[in-house]
Amino acid sequence: MSGHKLLFSGLKLWTSGRSSWISRLNDGINERGKASFSSCSPKVCIVGSGPAGFYTAQHLIKARQDVQVDIFERLPIPFGLVRFGVAPDHPEVKNVINTFTQTAKHSRCSFYGNVNVGKDVSVKELQQAYHAVVLSYGAEGNRSIGVPGEDLAGVYSAKDFVGWYNGLPNCRELCPDLSCETAVILGQGNVALDVARILLSPFDILKKTDITQPALEALAESQIRRVLIVGRRGPIQVACTIKELREMVNLPDTRPEMVAADFEGVTEALKDVPRPRKRLTELMLKTALEIPGEKEQERRAKASRIWAFRFFRSPVEILADLEHNRTAGIRLAINRLEGSGEGARAVLTGEVEDVSCGLVISSIGYKSLPIDPSVPFDSSKAIVPNNLGRVQQAAGLYCSGWLKTGPTGVIATTMNNSFDTARSLMEDMDSGTLDVSVAKPGSQSICALLEKRGVKPVVFSDWEKIDSEETRRGEAIGKPREKLLTVEEMLQVARK
Ligand code: FAD
Ligand code: NAP
């Protein structure tokens with residue numbers, strides 16, 4: 001169907017739709033009784049309601065009094081990795097949800113959950129209905145380790161493992177087997193440390209968090225006593241940060257078990273590294289090499305669980321227990337470093353080492369995926385190619401967050417890159433590069449299209465019903481919330 005025909009059919013539906021929620025939109029009132037805005041106001045659609053989506057919306061709404069923003073989200077619930085990534089024992093990080101909620105409740109912002117862009121509605125259709133579309137749909141895939149045996153039972157991506165303990169609906173069935181003694185985590189970033197901490201945290205700590213009940217129960221029965229966090233490079237190249245390392249060092253009922261030889265030459269090399277890296281490495285050196293005080297020695301002696309960094313090791317193969325067709329260990333290539341500092345490269349020595357383990361979690365990074373063939377996508381970098389958030393060769397199309405930069409950066413980094421995208425978009429409006437002179441139907445035509453396709457969006461007040469239900473269920477068992485685990489249940493509660 002040509003673009004014109006699509007727009008025309010959308011407009012027709014826009015004026016003729018008469019179901020309950022559609023007709024309210026057509027009467028100029030949206031779901032919370034917000035007044036709709038002049039047809040001439042610039043209409044911006046944002047795809048994805050993680051930090052990138054919300055910070056882009058916040059900046060646009062704050063900086064311009066006329067812009068109207070609609071956020072479309074695949075799941076019935078907002079907030080992306082703040083809900084499904086951030087570790088359950090880091091509740092303070094989730095306070096950003098309060099700011100996002102203010103944005104969602106702003107009179108010029110609307111949230112439409114349960115809309116899978118690329119499937120329920122195409123990016124082209126959104127572009128026809130809005131003056132600008134910002135893609136902020138994050139990085140929902142993961143980098144694969146690409147070694148033989150990675151499909152064996154007992155091998156998981158950190159993305160799925162984190163999704164499992166955080167209640168991501170499509171990870172509900174993961175049910176990882178935690179009956180082994182040793183787990184190997186590949187990668188030494190903050191996600192790896194989150195996973196290690198959750199595997200080793202005492203039940204009494206986890207039970208007060210919003211970790212899902214099935215994960216809590218499985219972890220309570222876990223036999224894992226030793227977690228090895230394996231990196232291909234050395235101590236000066238770890239990707240985690242000091243706060244997360246300190247949490248490991250202080251984790252109750254655990255003790256570190258490092259290999260002193262891995263730290264040869266590290267003290268001398270420290271003089272040339274930036275200060276945050278220096279402090280991080282000093283903590284690692286202290287943990288690995290210093291004899292602790294009496295109290296700490298006593299604590300470590302009593303600890304029933306062990307965590308350790310293993311350096312200069314790359315995965316070569318997952319070893320199988322052929323009788324049970326599951327993971328029995330991992331073969332690691334031993335590396336040496338070429339170059340120095342943070343940029344040093346791992347080079348194979350030709351030697352290998354086998355480590356027995358029943359669980360391997362690959363935490364070597366997330367990866368954005370293309371969602372719509374009409375959107376340019378750089379497969380080698382796994383990002384949407386862009387210039388300061390302007391999607392290359394696609395007028396009116398923008399991107400922010402991990403989709404724009406690749407899957408690194410904390411929420412504050414994502415906030416800054418999303419503000420930058422919002423600034424680019426506004427510059428284009430001001431300069432006329434982005435034409436906002438012609439009225440666009442915005443959500444009204446899209447909601448009509450969705451209704452025709454049998455897709456019922458979940459609005460923000462529906463999410464608030466889910467939120468109340470989860471909080472109520474959590475309170476009953478001493479947790480901040482008990483998350484609903486299936487899309488069906490979320491929709492049921494939303495539509496009560
Ligand atoms: P996301 O948060 O992934 O949001 C993308 C959104 O788009 C999601 O809601 C998704 O459902 C939606 N979406 C996907 N596809 C579609 C589609 N087709 N249609 C519509 N919607 C779609 N940072 C910190 O500062 N502190 C932490 O403690 C911390 N912990 C983390 C733990 C983990 C495990 C991970 C992976 C990251 C963590 N981060 C943390 C980093 C932080 O989560 C990211 O910087 C941030 O979430 C990136 O935001 P985003 O909006 O680009 O992506
Ligand atoms: P990350 O920080 O990029 O770490 C990825 C790790 O995987 C690195 O150790 C990397 O080693 C390794 N790796 C990558 N490719 C590999 C390969 N082919 N073989 C072996 N190892 C490989 O990614 P992340 O841990 O997924 O975290 C993503 C972002 O979220 C980060 O910015 C992180 O800080 C943030 N986050 C923050 C928090 C928090 O603030 N508490 C919590 C979780 C996540 P090399 O360095 O050698 O490439």
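One-based numbering, in listed order, for ligands and for the atoms of each.
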| task | Starting from the C-alpha separation in whole Å, work towards a yes-or-no answer on side chain to side chain contact (heavy atoms under 4.5 Å, CB included) for K105 and T101. | result | CA-CA 6 Å; K105 290 182 156 208; T101 298; 4.0 Å; yes
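- Closer than 4.0 Å to atom 10 (C) of ligand 2 lies none of the heavy atoms of the protein.
- No hydrogens or angles considered: nothing links the side chains of T421 and T56 as a donor-acceptor pair under 3.5 Å.
- Near V162, the atoms of ligand 1 lying under 4.0 angstrom from a non-hydrogen atom of the residue are 34 (C).
- For Y366, no nitrogen or oxygen atom sits less than 3.5 Å from a nitrogen or oxygen atom of ligand 2, counting backbone and side chain alike.
- For ligand 1, the atoms closer than 4.0 angstrom to any heavy atom of G48 are 6 (C), 7 (O), 12 (C), 21 (N).
- Judged by distance alone, the side chain of R277 and the main-chain N or O of V238 form a donor-acceptor pair under 3.5 Å.
- Annotation for ligand 1: atoms under 4.0 Å from non-hydrogen atoms of G409 are 41 (C), 44 (C), 45 (O).
- Looking from atom 39 (C) of ligand 2 to the surrounding protein, the closest heavy atom is E244 OE2, 3.5 Å.
- Counting only heavy atoms of the protein, atom 46 (O) of ligand 2 lies nearest to R233 NH2, 2.9 Å.
- Considering backbone and side-chain N/O of W402, none are found under 3.5 Å from N/O of ligand 2.
- For the pair R232 and ligand 2, the shortest N or O to N or O distance falls below 3.5 Å.
- Remark: ligand 1 and G53 share no N or O pair separated by less than 3.5 Å (distance only, no angle test).
- Every N/O-N/O distance between L75 and ligand 1 stays at or above 3.5 Å.
- Taking all atoms of both residues into account, the shortest heavy-atom contact from T349 to N335 is CG2-C, 3.7 Å.
- Heavy-atom minimum distance, V147 versus P315: CG1-O, 3.5 Å.
- Counting all heavy atoms, side chain and backbone alike, L450 lies closest to P457 at CD1-CG, 3.9 Å.
- Scanning the protein heavy atoms around atom 51 (O) of ligand 1, the nearest turns out to be A52 N, 2.9 Å.
- In this comparison of G409, G85, A158, the heavy atom closest to atom 32 (O) of ligand 2 sits on G409.
- Closest to atom 6 (C) of ligand 2 by heavy atom, among S363, A346, P407, G365, is S363.
- Between R143 and ligand 2, no N or O atom pair is found at a separation short of 3.5 Å.
- Numbered from 1 in the order shown, with element, the atoms of ligand 1 that lie under 4.0 Å from a heavy atom of E140 read 10 (C), 11 (O), 14 (C), 15 (N).
- Aromatic ring pairs are classed by plane angle as parallel below 30°, tilted from 30° to 60° and perpendicular above 60°; the pair F311 and F309 is tilted.
- Counting heavy atoms closer than 4.0 Å to ligand 1, residue V410 contributes atoms from both its backbone and its side chain.
- Considering only non-hydrogen protein atoms, atom 4 (O) of ligand 1 sits nearest to G50 CA, 3.3 Å.
- Protein heavy atom at the shortest distance from atom 11 (O) of ligand 1 is E73 OE2, 2.6 Å.
- Under the 4.0 angstrom criterion for non-hydrogen atoms, D194 is in contact with ligand 2.
- Remark: ligand 1 and V191 share no N or O pair separated by less than 3.5 Å (distance only, no angle test).
- Note: F161 and W164 have tilted aromatic rings, judged against thresholds of 30 and 60 degrees for the angle between ring planes.
- Close contacts of ligand 2 with A239, meaning ligand atoms under 4.0 Å from a residue heavy atom, involve 2 (O), 4 (O), 8 (C), 9 (O).
- Nearest protein heavy-atom contact of atom 22 (C) of ligand 1 is R74 CB, 3.6 Å.
- Closest to atom 21 (N) of ligand 2, if we only count protein heavy atoms, is I364 CG2, 3.5 Å.
- Near V410, with a cut-off below 4.0 Å to any heavy atom, the atoms of ligand 2 are 37 (C), 40 (O).
- Considering backbone and side-chain atoms alike, V117 places an N or O below 3.5 Å from some N or O of ligand 1.
- Here the heavy atom of the protein found nearest to atom 3 (O) of ligand 2 is T408 CG2, 3.7 Å.
- With respect to E73, the side-chain contact (heavy atoms from CB on, under 4.5 Å) criterion is satisfied by exactly one of F111, Y137, Y112, W463: F111.
- Among protein heavy atoms, the minimum distance from atom 25 (O) of ligand 1 is reached at I411 N, 2.9 Å.
- Shortest non-hydrogen contact noted between L484 and E469 is CD2-CG, 4.5 Å.
- When V191, V162, V147 are checked for heavy-atom proximity to atom 25 (O) of ligand 2, V191 turns out nearest.
- Proximity of atom 20 (C) of ligand 1 to the protein is indicated by at least one non-hydrogen atom lying closer than 4.0 angstrom.
- In terms of polar-atom proximity, defined here as any N/O pair under 3.5 Å, L403 makes no such contact with ligand 1.
- Shortest contact from atom 53 (O) of ligand 1 to any protein heavy atom: G138 CA, 3.5 Å.
- Contact annotation for V93 and ligand 1: only side-chain heavy atoms (C-beta onward) come within less than 4.0 Å of the ligand.
- Note: an N/O pair closer than 3.5 Å links T414 and ligand 1 by distance alone.
- The nearest protein atom to atom 34 (O) of ligand 2, hydrogens excluded, is given as N190 ND2, 3.0 Å; this is a heavy-atom distance.
- The aromatic ring centres of F79 and F84 sit 6.0 Å or more apart.
- Protein heavy atom at the shortest distance from atom 13 (N) of ligand 1 is Y137 CB, 3.7 Å.
- Protein heavy atoms all stay at least 4.0 Å away from atom 39 (N) of ligand 1.
- Against a heavy-atom cut-off of under 4.0 Å, G80 is close to the following atoms of ligand 1: 2 (O), 4 (O), 8 (C), 9 (O).
- Near V47, the atoms of ligand 1 lying under 4.0 angstrom from a non-hydrogen atom of the residue are 19 (N), 20 (C).
- Residue S400 places no N or O, backbone or side chain, under 3.5 Å from any N or O of ligand 1.
- A donor atom on one side chain and an acceptor atom on the other are not found under 3.5 Å apart for H90 and E244.
- In this structure, E257 and R226 approach most closely via the heavy-atom pair OE1-NE, 3.6 Å.
- Which parts of ligand 1 touch Y366 is read off a 4.0 Å heavy-atom cut-off, strictly below it: atoms 34 (C), 36 (C).
- G85 O, 3.4 Å is the protein heavy atom nearest to atom 34 (C) of ligand 1.
- Of all the atoms in ligand 1, the ones that sit under 4.0 Å from a non-hydrogen atom of F72 are 20 (C), 21 (N).
- Looking at ligand 1, you won't find any N or O of D194 less than 3.5 Å from one of its N or O atoms.
- Contacts between S136 and ligand 1, counted as non-hydrogen atom pairs separated by less than 4.0 Å, involve the backbone only.
- Ligand 1 lies less than 4.0 angstrom from a heavy atom belonging to P51.
- Contact record, T486 with R172: CG2-NE, 3.4 Å, taken as the closest heavy-atom pair.
- Residue contact check for ligand 1: V115 places a non-hydrogen atom closer than 4.0 Å to it.
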